[in-house]
Protein chains: 2
Amino acid sequence: MPDEWLPQPATEDIRLVRVLHALGDPVRLQLLSVYLKGQEFACDLGGLGLDHLHKSTVSHHMKVLREAGVTSTRVSGRNRFVQLRRADLDKRFPGLLDALLRGLEGEAS
Amino acid sequence: MPDEWLPQPATEDIRLVRVLHALGDPVRLQLLSVYLKGQEFACDLGGLGLDHLHKSTVSHHMKVLREAGVTSTRVSGRNRFVQLRRADLDKRFPGLLDALLRGLEGEAS
DNA sequence: GTGATGGGTGGATAATTGTCAAACAGTTGT
DNA sequence: ACAACTGTTTGACAATTATCCACCCATCAC
């Protein structure tokens, strides 16, 4: 069976208010800071510095990010791989991700 | 009596997650889109295209924006004047406001 | 097939939050 | 002093949401 992708909004359907709402949460902003560091990441509900949270809670936050159009998820076997929708977000909101990356680095949270 | 300013966080205390959370709401993002258009605005709890909301509701949203560090409010008599903390936000999160402005224009919401 | 593993689903619950309404406080004008 | 005006505060209420828990579903290893 070939890989599949979880449902996500089309590029033109990504709403700024939804993106900001999704990122206006400490856990999800920390997830973003991880995803900004590289290309693709294993879902890893137990790691990523979120070991204090239940795995279903982390799963919920990842779903929020995906449904807001921030991330996309590829399903391969029993593993999922998450990546930022960098090209889509840069096209829709130019400069936003770059500013967030610099802001996160500056805070060193 | 000289003008006074309502309490607001110091520039270095502005937190990205708090800013994003403040802007992740339709009403407050619309307020931002207004404030991005000029220098200073009368508080105007009845106008700004928010006539469908109670004045205390609008007051609440403005308080959230101010406490997040997005706006600052000058009190002059019985009127208040609101403005974006552009310099502070540009220093803290370079490029963020510009990206948001472009994003809002692109959506034409 | 059996069992272990990675992750999601649904319910329950507590906390947060958006909204309104009514009462309040300071300011201006008469 | 009194009334009108502007915005805030407080309480109430409904909606949203963050979290946990117990269970489920699919996949991989044996």
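Sequence lines set the chain letters: A, B, ... in the order given, protein chains first and strands last, and positions in each chain run from 1. Keep in mind that this is a model prediction, so the values were computed, not measured.
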Heavy-atom protein contacts under 4.0 Å, nucleotides 3-19 of chain C, coded B base, S sugar-phosphate only, - none:
-BBSBBB-------SSB
Between the side chain of B:Arg102 and the main-chain N/O of A:Phe93, is any donor-acceptor distance below 3.5 Å?
no
Roughly how many Å is it from CG in A:Leu23 to P in D:dA18, rounded to a whole number?
12 Å
Show me the side-chain donor-acceptor pairs of residues 35-49 of chain B shorter than 3.5 Å, one per line, residues at least two apart or across chains.
residue: B:Glu40; atom: OE1; partner: B:Arg74; partner atom: NH2; Å: 3.1
residue: B:Glu40; atom: OE2; partner: B:Arg74; partner atom: NE; Å: 3.3
residue: B:Glu40; atom: OE2; partner: B:Arg74; partner atom: NH2; Å: 3.3
residue: B:Asp44; atom: OD1; partner: B:Gly47; partner atom: N; Å: 3.3

Among residues at least two apart in sequence or on other chains, which ones pass salt bridge (charged side-chain N to carboxylate O under 4.0 Å, His left out) with B:Arg86?
B:Asp90, B:Asp98
Rounded to the nearest angstrom, tell me the gap between atom CZ in B:Arg74 and atom P in D:dT6.
17 Å
Partners meeting side-chain hydrogen bond (donor to acceptor under 3.5 Å, both in side chains) with B:His61 (sequence neighbours left out)
B:Arg28
So if I take the C1' atoms of five pairs at each end of the helix from C:dG1-D:dC30 to C:dT30-D:dA1 and get each local axis, what angle do the two axes make, rounded to 10 degrees?
20°
Side-chain donor/acceptor pairs under 3.5 Å, residues 11-21 of chain A, sequence neighbours excluded:
residue: A:Thr11; atom: OG1; partner: A:Asp88; partner atom: OD1; Å: 3.2

Student check: side-chain heavy atoms of A:Leu84 and A:Leu32 closer than 4.5 Å:
yes
Within a strict 4.5 Å, meaning less than it, do heavy atoms of the B:Pro7 and B:Glu67 side chains meet?
no
Side-chain contact test, heavy atoms from C-beta onward, threshold under 4.5 Å: evaluate it for B:Leu50 versus B:Leu31 and give yes or no.
yes
